[in-house]
Amino acid sequence: MNAASTEFRRRVRMALADDQLKQAMNRAKGGFVLKRQKAIAEFPEFHQMRDAARDIKDHVLTNLDLYLEIYEKKVLENGGEVHWARTAEEASSIVEDLCSKSGARKITKGKSMVSEEINLNEKLEKSGIQVIETDLGEYIVQLASEKPSHIIAPAVHKTRDQISKLFYQHHKPLGYANCVSERKDIVQQARSVLRNHFVESDIGITGANFLIAETGSSVIVTNEGNGDLTSTLPRMQIVVAGIEKVIPSLEDLSVFLRVLARSATGQEMSAYTSLYSGPRADNTYEEGPEQYHVVLVDNGRSSMLGSEYQSMLRCIRCGACLNHCTVYNAIGGHAYGSIYPGPMGSVLTPLIGGYENNVDLPNACTLNGLCKTSCPVHIPLPDLLRQHRTQQQRRKLSPFTGRLIFMIWVYLVRRPHFYQIVLALPIWLLNRLGRQRGVIKWIPLAGGWTSSRDFPCPSARTFQREWRNQMRQFND
Ligand code: SF4
């Protein structure tokens, strides 16, 4: 087992033993899933919209170069600038360069997973620039010196009590003497602290949910309004977005908006949908940024085009696959050890970060298919995870014992009669082991499985024998 695998297993064990995490995850999971179900039930056209969203994305991905060029042209016409970054390092350097040249000392940021992907905060802080996250969840994880554990709810792993203590620790030196514990008081305190940062900020950096080629606009969908304050108050606005975020037109945007909020939070629409298309118009308005920059990040995305993983580029980062994932809900986002957790992260991370350091992610999945059925753009996540496993098998990256077990299994299933004979003995033994209690508490070579759950006692005969018997009785 390599060091990355050992570390992954350590994180998972820690997560499974963390009662506060369990409490926070249980609280969150029901809310997301039930609200999504309700929102979809109230919108009969949802499945038509999903199909339309998938078709738009597929069309764009087939013509990505064309739409990116149109988008760039429009941004330039609007008075903005577009920067192209092939790698994460290049992207963070471009942003750092823009910040340093403008003499910025303080930067406010709206939530942006791609900025996490390119390690932007670390890069800017090393240059002596203060970075303030302004999305409440991001602000909480920043205070805790952690990474987001969910792509739309970064602090979902924290209980209210933990947040309350965190605020007390960090806000007391700012003059907030009381430890607030009510939800509304926590929000109010965050608002009050962040207000000063918004006013003092030199540059606002956000991500983008979509980039519209037709108008050269970047679109941010939020529930907190921090995106607007981040984008419009400072003198420079920087948008950092993956190249796959481009869509053709405003009309297409209306399709995505109808599926995004319903899939993400179970809302009809998020509270704020804002479009930014460039710097403030000359002398016409006093508000809005004087400079507008868009950094388009590739970082492995273009190599997914035309591959069996292209459909992953349809992802609109709604988080529904995480909310429905049994593994994610048991271990939380940090245990994955990647910026993007859950099913979408297990597919995406090996593609942008390499297989070698992410061997366990595609295997941390039960393949129950809930992620695929909940995905608003029909990404076949379980199929893509299987593709990853095949790749690992071919490259001999998975552990030798695992490969050996699969080799034996393949040998046996190709010889059905022999397979049945070989299987009959362990099945019989398991039945003897568990028939008194109805469950088995420990199985040789499967101690990891039985250490956290009971194994139901199987029938004394294999399924095929049982089935043949029943068919015989039925025919008699
Ligand atoms: S893979 Fe699908 S469900 Fe998961 S975040 Fe992306 S769009 Fe949403």
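Position 1 is the first residue of the sequence, and the numbers go up from there. Reckoned from all heavy atoms, side chains included, excluding hydrogens, waters and symmetry mates. Both counts, for ligands and for their atoms, begin at 1 and track the order of listing. These numbers were taken from a predicted model, which means no experiment stands behind them.
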query: Between the side chains of N299 and E90, does any donor sit under 3.5 Å from an acceptor?
result: no
query: Nearest to atom 5 (S) of ligand 1 by heavy atom, A264, G319, G345: which?
result: G319
- prompt: Does M269 reach the side chain of L257, with side-chain heavy atoms less than 4.5 Å apart?
  reply: yes
Where ligand 1 meets [X] - atom numbers and elements under 4.0 angstrom, heavy-atom basis:
{"X": "P376", "answer": "2 (Fe), 3 (S), 7 (S), 8 (Fe)"}
{"X": "V377", "answer": "7 (S)"}
{"X": "I379", "answer": "1 (S)"}

- prompt: From atom 4 (Fe) of ligand 1 out to just under 2.8 Å, does an N/O/S atom of C371 turn up?
  reply: no
Give a yes or no on this: more than 12 heavy atoms of other residues, nucleotides or ligands lie within 6.0 Å of atom [atom1] of [X].
{"X": "K74", "atom1": "NZ", "value": "no"}
{"X": "E268", "atom1": "CD", "value": "no"}
{"X": "K147", "atom1": "NZ", "value": "yes"}

- prompt: Between the side chain of S164 and the main-chain N/O of V180, is any donor-acceptor distance below 3.5 Å?
  reply: yes
Specify the protein heavy atom at minimum distance from [atom]: its residue, its atom name, and the distance to 0.1 Å.
{"atom": "atom 2 (Fe) of ligand 1", "result": "C375 SG, 2.4 Å"}
{"atom": "atom 4 (Fe) of ligand 1", "result": "C321 SG, 2.3 Å"}
{"atom": "atom 6 (Fe) of ligand 1", "result": "C315 SG, 2.3 Å"}
{"atom": "atom 8 (Fe) of ligand 1", "result": "C318 SG, 2.4 Å"}
{"atom": "atom 7 (S) of ligand 1", "result": "I316 N, 3.4 Å"}

query: Does R262 count as lying over the ring of F43, i.e. NZ or CZ under 6.0 Å from the six-ring centre, within 45 degrees of the axis?
result: yes
